[in-house]
Amino acid sequence: MRTLQDLAALGPHGARVRDAVAAIADAAVAIAQKLARAAVEGALGASGAVNVQGEEQQKLDVIADELVFAKLAASGAVAAIGSEERPQLETVEHAEGNLLVLVDPLDGSSNLDVNGAVGTIFTIYEAQRSIDPQAALRPGREALAAGYVMYGPGLVLVLTVGAGTHGFSWDAQEGRWVLTHPDMRIPDGKGYYSVNEAYAPRWSEDARARLARMKEETKLGLRYVGAMVADVHRTLLKGGIFLYPPDTKNPQGKLRLMYEAIPMAMLVEAAGGMAVAEQGKRILDIAPEALHQRTPVYLGSPSAVRYFA
Ligand code: AHM
Ligand code: MG
């Protein structure tokens, strides 16, 4: 049975990517422990700070961000880190490796107070020689690896290094990650559509019409957790589509290109799915202009995503 470390090392820059993935996996185990004790320790609720997106940070957003940073910085593989919770890229002093890691340390934080699923999302690039903010603005197709951790009833890590998408489950008893979902292939022609449909009045007429047609013709059921990791994980396993169209409140869409859309697009494509933004543009081909830019997202089974492409 292949290990997480073996699989992470398969792509280009194998050993470095392996070390960065191992660092994130270690941080994930620590974050899962914090999440499990959060209510008892009084770690739920707002931290009092507002992040670069203008969103109120939860205490656990800050705790997760610090855990991921500490592990990545100690890995030796990573020269720069960008986080959804931090305004700029941060460089790692005395780094041996040359990787750039972009991370959303705790995605879906509105689920925290209701004991719902949340996740950590990451993308790994080769860093340019000089780490300036522009160096991070690379299309997703140049990424070396992407993945997410889902904190649900079980702790799951899903990873791609380009070829294939593989799911691991944490065995707390043995203290190791077990390859439980090798070579995930997204089912086509079944599954669920997943969207915050309460916003439909704020979408374009075109988006409403496309969704109506898809619902009529595919007869997909509806599931929506409101945490992207959980909604994408189900979409990968069961098929269907996850979408977050632009609306009058978020004219560019809500989800972040670099921290959410690109990694999920890479994972979904490597599992045989499709991931597009507006007008059917492939998410992995978008040339980013800003670290925290937002994008519309439509990803999942090809036959469902085609209604929006
Ligand atoms: P967050 O990074 O602040 O948690 O926001 C991202 C989350 C995604 O996980 C999820 O898909 C989306 O926001 C849900 O948004 P909404 O509550 O508008 O449906
Ligand atoms: Mg997020």
Side-chain angles (χ1 to χ4, degrees), residues 28 31 34-35 38 43-65 68 82-87 102-123 146-152 156 158 192-203 207 211 222-236 240-265 267-268 275-277 283 290-300 305 308:
I31 292 169
K34 289 282 177 198
L35 288 169
L44 295 177
S47 71
V50 168
N51 72 9
V52 58
Q53 331 272 339
E55 297 157 348
E56 194 178 53
Q57 281 179 319
Q58 303 290 301
K59 289 179 199 162
L60 283 162
D61 280 327
V62 178
I63 292 170
D65 180 68
V68 172
S83 163
E84 196 184 288
E85 302 300 331
R86 303 193 183 210
L102 299 181
V103 61
D104 181 355
L106 205 56
D107 183 64
S109 22
S110 72
N111 271 2
L112 285 171
D113 289 342
V114 298
N115 196 33
V118 288
T120 298
I121 314 174
F122 60 93
T123 314
Y148 61 77
V149 177
M150 180 175 164
Y151 309 95
V156 167
V158 178
Y192 303 94
Y193 76 99
S194 186
V195 63
N196 195 333
E197 217 167 353
Y199 302 152
R202 309 199 307 229
W203 299 340
L211 186 72
L222 167 63
R223 293 280 189 281
Y224 190 68
V225 175
M228 189 186 195
V229 167
D231 284 317
V232 171
H233 190 59
R234 185 197 50 256
T235 305
L236 269 172
I241 181 169
F242 167 82
L243 59 152
Y244 205 116
D247 58 42
T248 48
K249 186 174 162 212
N250 293 297
Q252 310 303 319
K254 176 188 179 190
L255 298 172
R256 270 60 45 137
L257 175 65
M258 308 294 287
Y259 299 108
E260 296 166 330
I262 283 176
M264 293 309 198
L267 288 158
V268 165
V276 302
I283 287 173
L291 205 48
H292 295 283
Q293 95 183 51
R294 296 171 192 261
T295 178
V297 172
Y298 307 86
L299 58 79
V305 175
F308 298 90

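Owing to the predicted nature of the structure, the values given are computational and were not obtained by experimental measurement. Counting convention: from 1, in listed order, for ligands and their atoms alike.
Both tests do not hold together for Arg256 against Tyr259: distance to the six-membered ring centre under 6.0 Å, angle to the ring axis within 45°.
A donor-acceptor distance shorter than 3.5 angstrom exists from the side chain of Asp231 to the backbone of Val225, with no hydrogens or angles considered. Checked by atom type and distance alone, the side chain of Thr120 pairs as donor or acceptor with a backbone atom of Pro105 at under 3.5 Å. Side-chain atoms of His233 do not come within 3.5 Å of backbone N or O of Val156 as any donor-acceptor pair. In this structure, the side chain of Asp65 does not engage the main chain of Val62 through any donor-acceptor pair within 3.5 Å. Remark: side-chain polar atoms of Arg294 are paired, donor with acceptor, to backbone N or O of Lys254 under 3.5 angstrom.
Neither the backbone nor the side chain of Tyr259 comes within 4.0 Å of ligand 1, counting heavy atoms alone. Contact annotation for Val229 and ligand 1: no heavy atom of the residue comes within less than 4.0 Å of the ligand.
Numbered from 1 in the order shown, with element, the atoms of ligand 1 that lie under 4.0 Å from a heavy atom of Asp104 read 2 (O). Those atoms of ligand 1 with a heavy atom of Ser109 less than 4.0 angstrom away are 4 (O). In the vicinity of Phe242, heavy-atom distances shorter than 4.0 Å reach the ligand 1 atoms 11 (O). The contact set between ligand 1 and Glu260, taken as ligand atoms under 4.0 Å from a residue heavy atom, comprises 2 (O), 6 (C). In summary, the atoms of ligand 1 found under 4.0 Å from a heavy atom of Glu84, numbered by their order in the structure, are 2 (O). Here is the list of ligand 1 atoms found below 4.0 Å of a heavy atom in Arg256: 1 (P), 2 (O), 3 (O), 5 (O), 6 (C). Every atom of ligand 1 is numbered from 1 in the order shown, and the set under 4.0 Å from a heavy atom of Asn196 is 16 (P), 18 (O), 19 (O). Listed by number with element, the atoms of ligand 1 under 4.0 angstrom from any heavy atom of Ala227 are 9 (O).
There is no side-chain donor-acceptor pair under 3.5 Å between Asn51 and Gln57.
For the pair Leu60 and Ala38, the tightest heavy-atom approach, listed with the atom from each and the gap, is CD1-CB, 3.7 Å.
Among the atoms of Met228, some N or O lies under 3.5 angstrom from an N or O of ligand 1.
Summarising the contacts of atom 4 (O) of ligand 1 with Ala117, Pro105, Ala198, Gly108, the nearest heavy atom is found in Gly108.
For Asp113, the CG atom sits in a packed shell: over 12 heavy atoms of surrounding residues, nucleotides or ligands are nearer than 6.0 Å.
Every heavy atom of Ser110 sits 4.0 Å or more from the atoms of ligand 1. Under a 4.0 angstrom heavy-atom cut-off, Asp107 registers as being in contact with ligand 1.
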